[in-house]
Every structure is written in structure tokens, then in C-alpha cells.
K.L.:
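What follows is a single structure, and I will ask about it in a moment.
Letters A, B, ... are given to chains in the order of the sequence lines, protein chains preceding strands, and every chain is numbered from 1.
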Amino acid sequence: MGANAGGAGSNGRLKVAKYWASSCGGCDISLLEIGPHLLELIEAADVVFWPCAADFKYQDVAAYPDGYIDVCLFNGGVRSSEQEEIARLLRRKSKTMVAYGACAIDGGIPALANLSTVDEMKAASYHQSPSTPNEGRVEPALRTETPFGDLELPALYPQVLRLSDVVEVDYLIPGCPPQSHQVWKVLQAVVAGAVPARNDAVAVGCDDKVVCDECPREKRKTRIKEFVRPHLKAPEPDWCLLEQGFVCMGPATRSGCGAPCLKANLGCRGCYTAPAGVSDRGTAMIGAIGSLLDATTEERAQEMVGRIVDPVGTFYRFSLASSMLKGRR
Amino acid sequence: MAEQQVRERTEPAAAPAGWEPRIIAFLCYWCSYTGADNAGTSRLKYPANVDIIRLMCSGRIDPELIMTAFARGADGVMVCGCHIGDCHYLTGNHKTMARMPLVRQVLADLGIERERFVHEWVSAAEGEKFARLVRQVTEQVRSVGPLNWPQRMRERGVGHGMDLKSWGE
């Protein structure tokens, strides 16, 4: 993967960039998961920026002409001033901006931090954590004076934002991480030169229905008798997990992943984005559960749902930043 | 999140002078809306703080509508439907009944005081109950002050797109 900073399309090959913002790195791994196809990709395209795998600097990107990058795969939400700056820079330099993975699209797991304030998080990380000795009560500061000059750190934002809160996004590739077969399907289109003109955050690399649609388990049209946590009971293999009382985000999650969690006896965690027509995943799930509860009084319903541990963290596990309320007050 | 912690973190800012709570009431067509109508034809007085949205059934009240109301600037939300056993569609309100405890839990976890969300059954004959309920809800929402969700989120850098637009924008 060589640097090709010589000007727009100087060698006629596609220019691809990948960036990580507020994310774990799993999305970068998922790109490697396409395996031997990676060679086909590299044959057709130059990687011009990929902090995880290639040694390009921010200055290199800033030096590219605007619109130099054909496709930018951006994973991670936006939590700091650095991430916003790079998101804006990459948007300017890219013809097509793709929000890659749950975090860039919906905030993902990091957006669960929207349930806490920055001060609460700093207290937990720097002062309350038993494994962090911090007698001087030091906290990261935006600017630190040292004998060698001032050092600066990016500012932490009060909330995790989606990529689309900051820049215009053309496509979404959902998943935590996106499944490799879907990634390759999208990249094939890129390699084939079929990168269509700008779109308004169209989800690709997935289908339009819900996970239940491709789940192999049978719906027996029974109601939920009691919620069970997955470590307390072995589920019956071929029966809908939700009907058995295991929380499963399938009804509120877009299809396309192939339901691998369900095939492994685990309820859907909801990483593929919202199905078409749904804007708040958590309430979609509350709606679905409400229709399935075997309760004839409100007290009984209360008692049953009281067994669901951390409803916000479960129903908005990947989507708090794109929920209606965006986070805690 | 313990109610106490929610309180500590969300200690209401002093309400600006002249502030009036804005409450959205989702009422079902067959019982509760008729009940509200009954309050009107019986010439019962209740505060004008409530904006009524009529739906065919309380089972149609997707919890998303409740979140949307708060996200766009409501200070309180009421959900009313037929009493259990009276649903025009037989079991629509059973679904409402099963959904509301989770809605209440999620709202509490997101820092919205329990005073702001009320779910109550109101029959077509209970105009008096509806008027009393609106009076009570208006007072309890007034006691916790303005919610100001759209402004709050905008201050944190969120607020692009339609989903956090408040009325009149």
C-alpha cells in the first residue's frame, strides 16, 4: 500500500480511506475479515489513509485536494474535538462518505456514555476506580504547561454524536462490526467502479426487514411468561428466544447479518441499525415486548418487566445517540 | 438509577417568569377523547396547558410518540385509554398496559422525573375524572419546572436534523 498523494486520480485508481473515531477498532478488523478479497481491493484501489493499518498522517490528508478520496469508510462516533475535525476534513476530501459500523451510524456502545456526564466519567475513571492510584487527583487537561512547551489534548464533548450529526453522510454500512460478506458485497461495487453519486445516508450491506425475518427459529405465537437472563437457563433450540423470555432485539433490528447470534443461541443484541421506518429502536422494542407479555394487570406487567436488567442499556445498546432523546438529561 | 440520584442531578432550574407547562395528552378515540369531550360539554374547568392528540386506540400509542413529545419540547405527557375490558378493539389497551411500565422505567433512567409522565384510564363517562387528572398533572409538572429537552441537547452539540426540532421552528 503505497502513498499516492500525487493528485486526484493521478494513476486512475480508486482512492479509499478508513478512519476510526470513537470506536473499538473492531470495524478495522472487520475490513481485514474479507480475507483474500483484500488483495482484489488493493489491486483496484489505493489506500490513502488508514490509521489502524497504514502510516499516513493528518497532514497528508490535509494536503490532498478536495474530493481526492473516492470512498471514505468512517467508523466510530464523534466524542472529541479531534474526531469532529477529522470528520470534517475527511468529508471535504471525500467524494463519498460512508458511516461504517454501529458507532458511526447510531453512536454504538460508546454512546451509552450519554447516560453519564463527563464529570461522572472522569470521577469513575480517575478517582473511584480501585485499580487507579491517583493521589495527586490528576485529571486530563486541555492544556498542560511543561518546561518543553505547552501540551494540548482534544476536548471531550459532553455527548457522543453520530457521524451524521457532524457531516453529511452518503451511505451507512451497519453492524458491530459489519459482517464480512456484506462488507465485501459493498466493496465489490466500489471496486467495480459502481460508486453512485451522493445519497442521503442510505443503508447498504444489509436488507430492509428485521432480524426475525432471517432468524431460523420458529415463532409459536405464545406469549412471554417470564423474562430470563441468558446465563440462567438453556434456551430451547428451535423456538423464538423472545417467546421463551430471553430479551432479543430482533424485532427492532435491521436484517442482513444472517442472524449469527440467534444461530448461536444468543438473543440479538441489535447491532444492525434500525429497520426501515423505525427511528427509535428502544421504543420499537418496548412496543414489541408490550404486545407479547402474558400479563392481565399492570402490576403483573410491572413485575415481569422489572426482571429486565438495565432496559435502557439493553434496548438502546447500540443506538442511544440516534434515539429520540439522545441520552440522559 | 435511583430516583434520588435523578433528583439530585436534575434539580430544576428556576422556571422563567410566565412559564406554563406544556403537556401532550394522547387519548384514545372511543373512551378517553370522548371523556375529555364530556368534561367540555359538562362545562368543567381544567387548565389549558394540555394539547390533546386523538388516536384510534391507546394501543396505537407507539412509545416513540411519547419520546418524540419530550424530545420536541413537551414538559409532560399523558396517555389515556379505555379501562381494561372496555377496549373497542378488545385488547388494544392490554398492550398499552404492558408497555407503560417499561416506558416509565426508560424515562426514569434517562433522567425524566416521574411527575412528567402519567398513564391513566379514562372512560367516556369520566369527564370529571379527566378534568381532575389534567389539573393534577399540570400542577405536578409545574412543580418540576420546564424540561427544555431541545435546548438542552442543542447546548451539547446535538440538534441537527428534524428529530430535535421544537414547535414553531
K.L.:
Taking the basic N atoms (NZ, or NE/NH1/NH2) and the acidic carboxylate oxygens, is any pair closer than 4.0 Å for A:Lys233 and A:Glu226?
P.N.:
no
K.L.:
Side chain from CB out, backbone as N, CA, C, O: work out which of these in A:Ser279 comes under 4.5 Å of a heavy atom of chain B, or both, or neither.
P.N.:
both
K.L.:
Sort out for me which of A:Ala321, A:Ala295, A:Ser291 touches chain B most, counting heavy-atom pairs under 4.5 Å.
P.N.:
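That would be A:Ser291.
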K.L.:
Within the supplied structure, the quantity of interest is the number of heavy atoms (other residues, nucleotides, ligands) at a distance under 6.0 Å from A:Glu168 CD; does it exceed 12?
P.N.:
no
K.L.:
Out of A:Ser319, A:Pro174, A:Ser164, A:Cys271, which one pairs with A:Ile105 under the side-chain contact (heavy atoms from CB on, under 4.5 Å) rule?
P.N.:
A:Pro174
K.L.:
Under 4.0 Å between a side-chain nitrogen and a carboxylate oxygen: does that hold for B:Arg135 and B:Glu139?
P.N.:
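Judged by the 4.0 Å cut-off on N to carboxylate O distance, B:Arg135 and B:Glu139 do not form a salt bridge.
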K.L.:
With a 4.5 angstrom heavy-atom cut-off, could you sort out which part of A:Ile286 is near chain B: side chain, backbone, both or neither?
P.N.:
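Both parts, backbone and side chain.
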